[in-house]
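Down below is the structure, laid out as structure tokens.
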There are 2 protein chains.
Amino acid sequence: MRAGARRGDATRQVILDAAEQCLAAGDFDGVSLRTISEAAGVDIALVNYHFGSKESLVEEVTERRARDVHDARVLALEEARHRAGTAPPDVDAVVTAFLEPWLKRISSGDVGWQNYNRLLCRLTMMPKYLPLVSKLLDPTALHFINALRAALPKASQESIYWGYMFLLGAVVQIMAGTGRIEQLSRGLCTTDDINAAMREIVPFVCHGLRSLERTDIAV
Amino acid sequence: MRAGARRGDATRQVILDAAEQCLAAGDFDGVSLRTISEAAGVDIALVNYHFGSKESLVEEVTERRARDVHDARVLALEEARHRAGTAPPDVDAVVTAFLEPWLKRISSGDVGWQNYNRLLCRLTMMPKYLPLVSKLLDPTALHFINALRAALPKASQESIYWGYMFLLGAVVQIMAGTGRIEQLSRGLCTTDDINAAMREIVPFVCHGLRSLERTDIAV
DNA sequence: GTCTATAGCTTGATAGAC
DNA sequence: GTCTATCAAGCTATAGAC
């Protein structure tokens, strides 16, 4: 490997990290390549040289970490299956397998994971990026929807999908880091304390999901 | 009232409606005043004449409907209090008072309410707009957080705030209309069928919220 | 109140020297 | 692989005629 290539790889990483950070903090289309290149301490022309376009940059930023989380989640679910023996893993096990790998990475101290997360939450809210979001997350989603189906055999097909979206919604609302809960609770709660958030969210969604098997509840 | 003033008012409404629609469909900063003025069928200069700036336009678009929902929700909660007698309204009553007025407006056939909703969901995900979101929604939020506190006396202060955010997250995930559940369920579920969504979401969040009173659940 | 015209700026992207 | 210089296109906002 030539010295130039090594230097180029380093530049790529610096740009990817800066993009991750800027996109997590700002509002996507409001974040310019100039902002990103300045944060990276790199000339703006290099962004286009290495990534071709802004769109490709966003893709690379997200894809970089998506596969890793997916694999860890699938593995966690596999382990839960092993622990459960012949019966399928219950709701708590499925939810935990879904959230644990995520939580672990966020609280790892690597600020990149926190940025990736915020970015991804923001991304899922924008119709424009639905194709990218689907490419990144559909495999994981369908995998865990299947697991939820097995854990909640009495729930309807539709209910499982709705339940997955509610689970996602609760998590996204916390992970996006909008500052809203800090504002409402006047600092009592903070999304920076991921462990506290997880402690609350797991029982909430597990109880919610289990209720999907009941059909005798009127609105 | 002069004819000119009446015409000006009509233009204002046309612009507000178009802005509501464009902002609901697109990604906020990606939506230009040109897009909005073209959708409204008016000259772009009129947008600045009537609203002064893009920021003010966004404010007016949101504030236009925010007060109405707030009032309806407070009234619904008041009625629930009356029905409940001496005891405070239970979780189901509080959640229903929160969601019913919203649901009613969305399914009223007025497409403006649907646009307003999507727009608002999108807005809550962008840190940049936290001040506006707080101004619009904090009164409602704190009002219902108080009601939840009364309905869940054994839950901790923190849990109530978290629970409110989870409730919000589940609703936002559905209302934002990102097309994700349609994609995942291959058309089986759709956020256009608000009634179906509501039928699923109410029991989910009510069970989730009630679980906040329990403290014996390990992560 | 409305429209034309345009100022002044920022954007993403590229051509060419090194 | 990196940097300077610059492009065309888009944006918000405004000044002035009608």
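We name chains A, B, ... by the order of the sequence lines, and we start the count at 1 in each one. Quick caveat, the model's predicted, so the values are computed rather than measured.
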request  = Please determine if a side-chain N or O atom of A:Thr11 lies less than 4.0 Å away from the OP1 or OP2 oxygen of D:dG1.
outcome  =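 Negative; the distance criterion is not met.
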
task = Please determine if a side-chain N or O atom of A:Ser32 lies less than 4.0 Å away from the OP1 or OP2 oxygen of C:dT10.
result =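 It does not, given that no N or O in the side chain of A:Ser32 lies less than 4.0 Å from OP1 or OP2 of C:dT10.
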
key: Under 4.0 Å protein heavy-atom contact, by nucleotide of nucleotides 13-18 of chain C - B base, S sugar-phosphate only   = BB----

request  = Side chain of B:Leu46 only, please: which of C:dT4, C:dT2, D:dT12 is the nearest?
outcome  =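 Looking only at side-chain atoms, B:Leu46 lies closest to C:dT2.
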
Starting at [atom1] of [X] and ending at [atom2] of [N], how long is that distance when rounded to a whole Å?
X	N	atom1	atom2	result
B:Gln13	C:dG1	CD	P	13 Å
A:Asp29	C:dG12	CG	P	9 Å
A:His50	C:dG12	NE2	C1'	17 Å
B:Phe51	D:dT12	CZ	C1'	16 Å
B:Asp43	C:dT6	CG	P	15 Å
B:Glu38	C:dC3	CD	P	13 Å

message = As an exercise, state the distance from SG of B:Cys22 to CZ of B:Arg34, rounded to the nearest 0.5 Å.
response =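 Answer rounded to 0.5 Å: 14.0 Å.
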
Donor-acceptor pairs under 3.5 angstrom involving side-chain atoms of residues 45-52 of chain A: please list them, not counting sequence neighbours.
none

query = When the ring planes of A:Trp113 and A:Tyr116 are compared, do they come out parallel, tilted or perpendicular, using 30° and 60° as the limits?
reply =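 Plane angle over 60°, so perpendicular.
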
ask   = Between B:Phe166 and B:Trp162, what is the ring plane arrangement, given parallel below 30°, perpendicular above 60°, and tilted in between?
value =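 B:Phe166 and B:Trp162: parallel rings.
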
ask   = Are any of the side-chain nitrogens in B:Asp17 or B:Arg64 under 4.0 Å away from the carboxylate oxygens of its partner?
value =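 A salt bridge is present here (some side-chain N lies under 4.0 Å from a carboxylate O).
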
side-chain contact (heavy atoms from CB on, under 4.5 Å) against B:His70, all qualifying residues, sequence neighbours excluded =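 side-chain contact (heavy atoms from CB on, under 4.5 Å) check on B:His70 returns B:Val74, B:Pro139, B:Thr140.
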
